[in-house]
Protein chains: 2
Amino acid sequence: MARLSDIIEDFIKTLLKQSEGELELQRNELAEYFECAPSQINYVLATRFSLDRGYYIESRRGGGGFIRIVQLDLDKDDYLLYLINERIGNSISENETKDIVTNIMERGIITEREAAIINTALEDKVIAIPANLRSIIRANILKAMLVAILRSRV
Amino acid sequence: MARLSDIIEDFIKTLLKQSEGELELQRNELAEYFECAPSQINYVLATRFSLDRGYYIESRRGGGGFIRIVQLDLDKDDYLLYLINERIGNSISENETKDIVTNIMERGIITEREAAIINTALEDKVIAIPANLRSIIRANILKAMLVAILRSRV
DNA sequence: ATATTATGAAGGTCAAAGATGGTCAAAATA
DNA sequence: TATTTTGACCATCTTTGACCTTCATAATAT
């Protein structure tokens with residue numbers, strides 16, 4: 001018997017195809033449909049619709065809440081994807097960051113102003129926390145910003 | 001399952017557009033129209049028409065009472081300076097941040113993509129450090145980015 | 001005529017209830 | 001052992017209702 005998680009994964013992917021890469025769903029509704037625990041939906045999203053696999057998840061709680069799944073526009077040799085999934089890793093310095101940001105600006109991927117915004121945000125003096133933690137948080141933020149750029153390109 | 005609050009928000013925004021940014025309404029009348037508790041109108045005003053989102057509310061009780069909603073229109077540079085020097089302070093939440101950033105986008109101070117970059121960078125899940133410290137770092141980063149925007153607007 | 005006191009007509013506040021989704025670790029299964 | 005499934009408990013946003021405050025005006029007292 002096929003795993004439920006795989007079935008849910010396929011189900012969501014079918015819906016995504018029908019809706020051109022962007023989809024909103026209700027966690028409880030889906031869980032009820034598949035007669036599983038609501039948290040299993042989170043499990044499927046975490047394991048099958050991760051950033052590594054090219055998906056982006058947003059959600060909102062409370063009345064009228066939802067989960068939105070966005071399929072990123074993936075091009076296998078996309079430089080941004082390489083940066084997000086390989087180059088940056090979980091820790092990066094201010095200087096490395098500036099090199100990368102300057103580079104994608106020169107490639108015409110971001111504007112000069114966007115580069116300025118990103119660079120300023122990631123300066124050591126701005127992220128005023130202990131150095132070891134800082135490099136980790138900087139990597140997080142940089143990757144998140146690059147994902148935002150990926151998304152807004154579609 | 002659209003939220004009633006969102007529907008009321010849209011309704012008010014439509015009225016605001018028709019009346020050039022200033023509008024007077026009766027709380028009970030509106031509540032009756034949408035068949036909801038009058039206090040829900042207050043909820044919508046508090047969450048969707050806050051100062052951070054660029055609106056100002058005045059009201060009067062008693063016979064002939066009213067609620068006046070004014071869409072603020074300030075000088076761009078002045079507003080950025082106000083945000084940097086007064087509003088943000090040394091600590092700010094994710095939601096407040098999003099309200100402010102969305103607001104300056106709607107005012108045309110930043111592009112939609114810049115707003116997406118800034119908002120994503122400042123999400124709780126991205127700045128993965130203890131909550132109290134996180135709000136402080138978020139304020140730092142946001143102010144730094146706004147300064148970058150001010151500087152690049154020459 | 002003037003001052004004072006109801007009365008009714010607004011709007012305001014706050015906390016509880018309802019509606020979602022999130023997390024984490026234990027249990028089950030492959 | 002690694003992955004999947006489940007469930008208890010948590011966080012967040014929305015909706016509702018009971019109770020409070022303010023204002024204009026009509027009624028009443030001086």
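Quick caveat, the model's predicted, so the values are computed rather than measured.
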> Between atom NZ in B/Lys125 and atom P in D/dT12, what is the gap in whole Å?
Replying inline: 14 Å
>> Using the side-chain contact (heavy atoms from CB on, under 4.5 Å) definition, which of the options A/Lys143, A/Arg138, A/Glu96 pairs with A/Ile88?
In response: A/Lys143
> Does A/Asp10 pair with A/Lys13 as a salt bridge, N-O distance under 4.0 Å?
Replying inline: no
> Distance-only, no hydrogens or angles: does the A/Ser19 side chain make a donor-acceptor pair with backbone N or O of A/Glu22 under 3.5 Å?
Replying inline: yes
> Could you state the CG-C1' distance from B/Leu45 to C/dT13, rounded to the nearest angstrom?
Replying inline: 14 Å
> Within less than 4.0 Å of OP1 or OP2 of C/dA9, is there a side-chain N or O belonging to B/Asn28?
Replying inline: no
> Under 3.5 Å, is there a donor-acceptor pair between the side chain of B/Ser152 and the main chain of B/Ile149?
Replying inline: yes
> What is the distance from CG of B/Asn95 to P of D/dT14, rounded to the nearest Å?
Replying inline: 9 Å
> With no hydrogens and no angle check, is any side-chain donor or acceptor of B/Arg68 less than 3.5 Å from a backbone partner on B/Ser59?
Replying inline: no
>> Heavy atoms only, 4.0 Å cut-off, all strands: where does A/Arg48 land among base, sugar-phosphate and nothing?
In response: sugar-phosphate
> Could you write nucleotides 15-25 of chain D as a row of B, S and -, 5' to 3', where a protein heavy atom under 4.0 Å of any base atom gives B, of only sugar-phosphate atoms gives S, and otherwise -?
Replying inline: BBB---BBBS-
> Across the strands shown, which category fits B/Asn42 at heavy-atom distances under 4.0 angstrom: base, sugar-phosphate, nothing?
Replying inline: base
> Whole Å only: how far is the CZ atom of A/Arg27 from the C1' atom of D/dT5?
Replying inline: 14 Å
> Does CG in B/Asn90 sit with more than 12 non-hydrogen atoms of other residues, nucleotides or ligands closer than 6.0 Å?
Replying inline: no
> Between B/Glu9 (CD) and D/dC13 (C1'), how many Å, whole number?
Replying inline: 14 Å
> So does B/Lys98 pair up with B/Asp52, basic N to acidic O under 4.0 Å?
Replying inline: no
>> Tell me the bend of the helix from C/dA1-D/dT30 to C/dA30-D/dT1 as the angle between end helix axes, each from five pairs, rounded to the nearest 10 degrees.
In response: 10°
> Whole-Å distance between C/dG21 P and A/Leu30 CG?
Replying inline: 10 Å
> C/dG11 C1' sits how many Å from B/Glu32 CD, rounded?
Replying inline: 15 Å
> If only atom types and distance count, is the side chain of A/Arg134 paired as donor or acceptor with the main-chain N or O of A/Ile129 below 3.5 Å?
Replying inline: yes
>> Keeping B/Glu114 on the side-chain end and B/Thr111 on the backbone end, is there a donor-acceptor pair under 3.5 Å?
In response: yes
>> How many whole angstroms separate atom CD of B/Glu24 from atom P of C/dG11?
In response: 10 Å
